[in-house]
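Reading through the structure tokens given below for one structure.
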2 protein chains.
Amino acid sequence: MKSVQFAQNKMSRFEQLCRQHGIPLTVQRRIILESIAVREDHPTADQVFEGVSNKLPGLSRTTVYRVLETLVNMGVVHKASHLGSAARYDPNTERHHHLTCVSCHRVMDLEEKSLSSLRFSHSKAGDFEILDYSVHFSGYCGECAKKTKKRVPLEE
Amino acid sequence: MKSVQFAQNKMSRFEQLCRQHGIPLTVQRRIILESIAVREDHPTADQVFEGVSNKLPGLSRTTVYRVLETLVNMGVVHKASHLGSAARYDPNTERHHHLTCVSCHRVMDLEEKSLSSLRFSHSKAGDFEILDYSVHFSGYCGECAKKTKKRVPLEE
DNA sequence: CTCCGTGCAAAAGGTTTGCACTGGT
DNA sequence: ACCAGTGCAAACCTTTTGCACGGAG
């Protein structure tokens with residue numbers, strides 16, 4: 001499903017970005033990115049560490065975290081922890097969807113009928129048996145949209 | 001947006017469930033559920049604690065966690081921490097969607113064109129400025145579907 | 001009266017930070 | 001050579017666990 005091509009493209013784009021922005025291209029960064037690009041799953045930082053520490057003995061867990069953050073900031077890797085570090089509790093047990101403000105991290109409900117009965121090709125995606133789903137939107141909430149008007153949403 | 005009615009219904013259903021299943025109806029449970037039912041946001045356990053400890057001095061953070069888990073198991077409250085406790089990293093930076101196995105917690109990609117250009121009533125939901133979205137599916141992956149066939153997916 | 005629920009403290013993840021040193025440009 | 005990146009240890013935040021006590025059924 002994922003080709004060698006994919007990993008190679010990833011690396012090329014990464015190296016290109018590094019040169020463009022004068023970001024040091026360290027062994028750690030190269031190996032960590034490669035290890036993610038090759039995998040089929042969505043590893044946690046710790047799983048990345050496990051997978052890489054063989055090839056790079058002495059690698060620090062801390063570095064894995066820092067490199068991952070760098071890669072995310074560069075847009076080369078996507079960090080999926082949609083609702084932040086802490087779990088959130090919601091009294092609404094009906095199917096509904098969420099809006100998360102990328103600035104203040106507030107989470108709001110979205111009741112949109114058109115989203116509550118999505119159709120997919122099959123009720124099964126491959127051999128995966130779907131029980132439920134929800135749509136997660138990210139963006140700026142009303143307040144933050146004002147504040148952030150015409151500002152780069154980086155380094156608040 | 002959320003009515004007093006809603007909170008009252010929540011409480012009634014909760015009390016009913018407790019009686020049905022012989023679950024002790026403690027002050028802590030009542031107050032914690034009420035505090036969530038009344039809120040508009042999706043508080044973290046800690047935020048719940050903050051909000052409740054005024055009304056119930058001496059309340060333990062631990063109890064909040066335990067009560068929340070109980071409420072989730074009773075189906076009265078929904079826990080949203082979609083991808084588990086640890087953040088996950090994904091080399092695929094294109095818009096795509098996720099399948100999470102509720103049994104083994106594996107996360108897989110889903111490339112489904114029909115989901116990649118959802119239409120909503122407006123590109124803005126209220127005053128929320130949407131930047132991106134993704135659909136999160138939960139269910140059983142192929143392997144776990146076999147194992148779990150005809151078994152209650154509770155208390156592994 | 002019997003248990004389950006609670007509180008406290010301590011442990012167990014996951015992630016971040018301070019500081020000195022090393023390595024890329 | 002300079003500065004950013006790295007390693008180590010310790011701190012921090014979120015959540016879980018063990019044990020003794022007290023309140024709900």
Side-chain angles (χ1 to χ4, degrees), chain A residues 14-33 35 42-53 55-74 76-77 79-89 105 107 155-156, chain B residues 14-33 35 42-53 55-74 76-77 79-89 105 107 155-156:
Chain A
F14 168 65
E15 289 170 8
Q16 181 189 327
L17 280 169
C18 282
R19 275 185 237 105
Q20 278 179 22
H21 297 276
I23 298 172
L25 221 162
T26 65
V27 198
Q28 289 86 339
R29 284 179 181 155
R30 221 188 303 250
I31 294 199
I32 288 175
L33 175 55
S35 101
H42 297 61
T44 61
D46 216 68
Q47 290 170 334
V48 173
F49 175 73
E50 298 272 308
V52 172
S53 53
K55 302 175 191 166
L56 206 64
L59 175 75
S60 162
R61 211 174 240 92
T62 310
T63 300
V64 174
Y65 280 100
R66 279 193 281 226
V67 167
L68 287 173
E69 198 192 339
T70 305
L71 296 177
V72 169
N73 287 338
M74 292 174 73
V76 184
V77 162
K79 179 175 183 175
S81 66
H82 287 162
L83 300 170
S85 45
R88 288 169 179 278
Y89 296 86
H105 303 114
V107 178
E155 308 291 62
E156 176 69 19
Chain B
F14 167 65
E15 289 170 8
Q16 182 190 326
L17 280 170
C18 281
R19 276 184 237 106
Q20 277 177 21
H21 298 275
I23 297 172
L25 220 161
T26 64
V27 198
Q28 288 86 339
R29 285 180 180 153
R30 220 187 304 249
I31 293 198
I32 288 176
L33 175 56
S35 102
H42 296 63
T44 62
D46 215 68
Q47 290 170 334
V48 173
F49 175 73
E50 297 274 308
V52 172
S53 54
K55 303 175 194 166
L56 205 64
L59 174 74
S60 163
R61 212 173 239 92
T62 309
T63 299
V64 174
Y65 280 99
R66 280 194 280 228
V67 167
L68 287 174
E69 199 191 337
T70 304
L71 296 177
V72 169
N73 287 337
M74 292 175 72
V76 185
V77 162
K79 180 176 185 175
S81 67
H82 287 163
L83 300 171
S85 45
R88 288 168 180 278
Y89 297 86
H105 303 113
V107 178
E155 308 289 63
E156 176 69 17

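All chains are named by letter (A, B, ...) in the order of the sequence lines, taking the proteins before the strands, and each is independently numbered beginning at 1. Values reported hereafter were calculated over all heavy atoms of this structure, with side chains retained and with hydrogens, waters and symmetry mates removed.
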For the student: nearest non-hydrogen atoms of Q47(B) and H42(B), plus distance: OE1-O, 4.2 Å

Nearest-0.5 Å distance that lies between atom CG in L56(A) and atom CZ in R30(A): 11.5 Å

Nucleic acid footprint by protein, nucleotides 12-18 of chain C - heavy-atom cut-off 4.0 Å, B for base, S for sugar-phosphate alone: --SBBBB

Integer-rounded Å distance: dC13(D) P and Q47(B) CD: 14 Å

Euclidean distance, atom CD of residue E15(B) to atom P of dG25(D) [Å, nearest integer]: 11 Å

Qualifying side-chain hydrogen bond (donor to acceptor under 3.5 Å, both in side chains) pairs with a residue from residues 19-29 of chain A, counting only residues at least two apart or across chains: none

Taking every non-hydrogen atom, the tightest pair across I32(B) and T63(B): CD1-O, 4.5 Å

Pairwise distance CG(N73(A)) to CG(L71(A)) - rounded to 0.5 angstrom: 9.0 Å

Under the side-chain contact (heavy atoms from CB on, under 4.5 Å) test, residues paired with F49(A) that sit two or more places apart: S53(A), L59(A), R61(A), V64(A)

Gap between atom CG of L17(B) and atom CE of M74(B) - 0.5 Å precision: 4.5 Å

Overall bend - the helix from dC1(C)-dG25(D) to dT25(C)-dA1(D), comparing terminal axes fitted on five pairs, nearest 10 degrees: 40°

Spacing between I32(A) atom CD1 and dG5(D) atom P, to the nearest angstrom: 13 Å

Qualifying residues under side-chain contact (heavy atoms from CB on, under 4.5 Å), relative to A87(B), sequence neighbours excluded: K79(A), S81(A), Y89(B)

Listed partners of S85(B) passing side-chain contact (heavy atoms from CB on, under 4.5 Å), at least two apart: none

Nearest-0.5 Å distance, CD of residue E50(A) to OG of residue S35(A): 11.5 Å

With S60(B) via side chain to side chain donor-acceptor pair (under 3.5 Å) - residues at least two apart: T62(B)

Would you tabulate the pairs of protein nitrogen or oxygen atoms and nucleotide nitrogen or oxygen atoms of nucleotides 20-25 of chain C closer than 3.5 angstrom?
{"from": "dG24(C)", "atom 1": "O3'", "to": "L25(A)", "atom 2": "N", "distance (Å)": "3.4"}
{"from": "dT25(C)", "atom 1": "OP1", "to": "L25(A)", "atom 2": "N", "distance (Å)": "2.9"}

Rounded distance in Å - CD (Q28(A)) to C1' (dA4(D)): 12 Å

Whole angstrom value for the distance that separates P of dT16(D) from CG of N73(B): 11 Å

